[in-house]
Amino acid sequence: MKLNKLNIAVVLIAGFLTTTSCSNFLDVESREIIEAGDSEDVITPEEYVNGVYGMFTDWNYAFAYLGITEILSDNADKGSSPTDSGTDKDVLDNLTYTNTTPSFESLWSHWYKSIGRATEAITYTENYGLTDEGYKNRLIGEAKFLRALNYFFLVRGWGDVTIQELDLIERKPAAEVYDYIEKDLTDAIAALPLKSGYASADLGRATKGAAQGLLAKVYLYQKKWQQAYDMAQEVINSGQYGLESDYAVLWRVTSENGTESLFEFQGRGVAIAHGIQQYSETQGARGTSGWGWGFNTPSQNLLDAYNAEGDAIRRDATIIFRGEVMYDGRIVDVGVENPMYNEKAYSSANAGAADGDKNIRYLRLGEIYLISAEAANELGNSSGALADLNRVRNRVSLAAVTTTDQTQLRTLIYKERRLELGFEHDRWFDLIRTGQAEAAMTAAGKPFQSKHNLFPVPNAQINQTPEMTQNPGW
C-alpha cells in the first residue's frame with residue numbers, strides 16, 4: 001500500500017458510487033437522491049468530492065482509455081495475441097471501428113457520469129452549511145477542476161457535445177463547451193491552493209497549478225496562443241514545479257506526485273480502492289514469465305522515431321524490450337509474446353496485479369514547457385520557444401534546436417511532443433488538432449478518413465435520444 005496519497009473514499013456512499021437506475025447516458029447523477037438527513041451516517045462534502053476522484057480508478061481507464069487514446073494512434077498496436085480482440089481493440093487499431101464500438105460507449109457514459117458526480121458535489125457542498133469559506137471554496141474548486149477535465153475529454157473526442165447542466169439532448173458547439181471548461185478552470189484557479197499548500201495526507205488533490213496547466217492545454221487546443229503561453233508561464237514561474245533530472249524515474253513509485261507532477265490519477269494499490277483497476281495488468285508482458293495481458297504495445301513506428309532522433313533515454317524509459325533486464329532486476333523473458341511493451345504502465349511492486357498501485361500521470365511540467373514552446377512559436381517568439389523546447393531536450397541529452405524558422409520549429413515541437421509524451425494518452429488528439437493525422441496514420445498503414453477526426457456518438461445514445469445528431473460519416 002502506498003502512503004500519503006489522496007484517500008479515495010471508496011466506502012463513501014453505496015448509492016453514490018454505484019450506478020443506479022439511470023437509463024439515459026446523459027442523465028447520470030449516478031446515485032440515489034441522498035440528503036444529509038436520509039441516513040444516520042452524514043455524508044460530508046469532502047466525501048462527495050472524493051467520489052469524483054474515485055472515478056479515475058475505474059476499469060475504463062485500464063482498457064477503453066488505452067484504446068481510444070493510444071491504440072488508435074501510430075504510437076501503439078493492439079498487442080496481446082493475434083486471436084485476442086480485446087473486445088474491440090483490434091478494430092480501434094485498424095481504424096475500422098463503428099458507432100457501436102464498446103470503448104466509445106464506455107467512456108462517453110463514464111465521463112458524463114463523472115461530470116454528474118462533480119455537479120452533485122458542487123451543489124451539495126454549496127448547500128451543506130460549511131462555515132469555513134476557504135475549505136468550502138477549495139472543495140468546490142476541486143470539483144470544478146474535475147468537471148472541466150471530463151468535459152475536455154469529451155470535447156476533444158466528439159467536438160460538439162451536450163453540456164449536462166444546461167441540456168441533456170442538444171449538442172452545444174465545441175466553442176461553447178470550451179467556454180464552459182474555461183469558466184470552471186478559472187473558478188478553480190481562484191479557489192485552489194498551491195501544491196505546497198496541501199498537507200501530505202491530501203497529496204494528489206487538484207491544485208492551482210493543475211488548473212492552470214489544464215487551462216493552458218485547453219487554450220492550446222483552441223489555438224489561443226497568447227493565453228496558452230501566458231498560462232503555461234504562470235505554472236513554470238510559480239516555483240512549485242521542476243523537471244526531474246532523470247527522465248526514467250518519472251514513472252516509478254518514487255516520483256509519484258513528485259516535483260514534476262501537476263496532476264495524476266491516484267492508485268492506492270489495495271483491494272478496497274482497486275488502484276487504477278488493472279491498468280498495469282492489461283499492459284504487462286504476456287506469455288512466458290510475463291505479468292499481464294500484453295495490450296497497447298509500442299509500435300515499430302514509434303521505436304523508429306526514437307531511434308531516428310538518437311533518443312535512447314526516452315526510448316528506454318518508454319519501451320520494455322523482450323529479453324531486457326528491468327531497472328528493478330526483473331528479467332523480461334525472451335519468450336514473451338510481443339517484442340515491446342509500455343514501460344510507463346509498469347509497476348515494480350505490483351507488476352500485473354489487478355489491484356495495481358500505478359498512478360496515471362495526466363499532466364506534468366515537461367508538457368507545460370512544450371505547450372509554452374508551441375504557443376511562443378505561433379506568436380513569433382522563436383527565442384522563447386527555443387528556450388522551453390531545449391529545456392526538455394537537454395534533460396535527455398539531445399542537442400539543442402537552433403532554427404528560428406517558424407515552420408521548421410513547429411514541426412520539431414510536434415515531434416518533441418511525441419517523443420516526450422509517448423504513451424501518456426495524448427498522441428491521437430495531437431495528430432487531430434495539428435492536422436497531421438492523415439499523413440501520420442497513412443505512414444503507419446492505417447486507413448485514416450475524414451470521419452476519424454471525430455469519434456462516433458455511441459449508437460446506444462442515439463437510440464435513447466433520437467433528437468441528438470451524429471458526427472459526420474458515422
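Since this is a predicted model, take the numbers as computed values, not measurements. Sequential numbering from 1 along the given sequence is applied to the chain's residues.
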A.B. asks: How would you list, by chain and number, every residue that makes a ring pair (Phe, Tyr, Trp, His ring centres under 6.0 Å) with Tyr247, sequence neighbours excluded?
C.D. replies: Trp251
A.B. asks: For Lys208, give me all partners under salt bridge (charged side-chain N to carboxylate O under 4.0 Å, His left out), at least two apart in sequence or on another chain.
C.D. replies: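 If we apply the salt bridge (charged side-chain N to carboxylate O under 4.0 Å, His left out) test to Lys208, skipping adjacent residues, there are no hits.
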A.B. asks: Under the salt bridge (charged side-chain N to carboxylate O under 4.0 Å, His left out) rule, collect the residues that match up with Asp328, sequence neighbours excluded.
C.D. replies: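 None.
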A.B. asks: Using side-chain contact (heavy atoms from CB on, under 4.5 Å) as the criterion, list what pairs up with Gln449, not counting sequence neighbours.
C.D. replies: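 Counting only residues at least two positions away or on another chain, Gln449 forms a side-chain contact (heavy atoms from CB on, under 4.5 Å) with Lys451, His452.
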A.B. asks: Once ring pair (Phe, Tyr, Trp, His ring centres under 6.0 Å) is applied, do any residues pair with Tyr221, and if so which ones, sequence neighbours excluded?
C.D. replies: Phe152
A.B. asks: In chain order, what residues pass the side-chain contact (heavy atoms from CB on, under 4.5 Å) check against Leu412, with sequence neighbours excluded?
C.D. replies: Val401, Thr403, Lys415
A.B. asks: If the condition is ring pair (Phe, Tyr, Trp, His ring centres under 6.0 Å), which residues does Trp291 pass it with, not counting sequence neighbours?
C.D. replies: Tyr346
A.B. asks: Looking only at side chains, do Glu244 and Ser255 share a donor and an acceptor under 3.5 Å apart?
C.D. replies: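 Checked: Glu244/Ser255 side chains pair up, N/O donor to acceptor below 3.5 Å.
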A.B. asks: Sequence neighbours excluded, which residues qualify as side chain to side chain donor-acceptor pair (under 3.5 Å) partners of Glu374?
C.D. replies: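 Here the qualifying residues are Arg433.
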A.B. asks: Donor-acceptor check, side chain of Gln470 to backbone of Val457, threshold 3.5 angstrom: yes or no?
C.D. replies: yes
A.B. asks: Measuring centre to centre across the rings, with the benzene-like ring taken for any Trp, is Tyr279 within less than 6.0 Å of Tyr61?
C.D. replies: no
A.B. asks: Name all residues meeting the side chain to side chain donor-acceptor pair (under 3.5 Å) criterion together with Glu281; count only those two or more places apart in sequence or in a different chain, and write none if there are none.
C.D. replies: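 Side chain to side chain donor-acceptor pair (under 3.5 Å) check on Glu281 returns Gln278.
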A.B. asks: Under a 3.5 Å cutoff, is there a donor and acceptor pairing between the side chains of Glu142 and Tyr53?
C.D. replies: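 Yes, because at least one side-chain N or O of Glu142 sits under 3.5 Å from a partner of the opposite role on Tyr53.
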A.B. asks: In chain order, what residues pass the ring pair (Phe, Tyr, Trp, His ring centres under 6.0 Å) check against Tyr151, with sequence neighbours excluded?
C.D. replies: Tyr180
A.B. asks: Looking only at side-chain N and O atoms, does Thr101 offer a donor or acceptor that is under 3.5 Å from a partner on Asp88?
C.D. replies: no
A.B. asks: Please tell me whether Thr98 and Thr100 have a donor and an acceptor in their side chains that are separated by less than 3.5 angstrom.
C.D. replies: yes
A.B. asks: Between Arg418 and Glu309, does at least one N-O distance fall below 4.0 Å, as a salt bridge requires?
C.D. replies: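 No.
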A.B. asks: Test of understanding: with side chain to side chain donor-acceptor pair (under 3.5 Å), list the residues that count as partners of Glu260, not counting sequence neighbours.
C.D. replies: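 Partners of Glu260 under the side chain to side chain donor-acceptor pair (under 3.5 Å) test: Arg364, Arg395.
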A.B. asks: Test of understanding: with side chain to side chain donor-acceptor pair (under 3.5 Å), list the residues that count as partners of Thr69, not counting sequence neighbours.
C.D. replies: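 If we apply the side chain to side chain donor-acceptor pair (under 3.5 Å) test to Thr69, skipping adjacent residues, the hits are His425.
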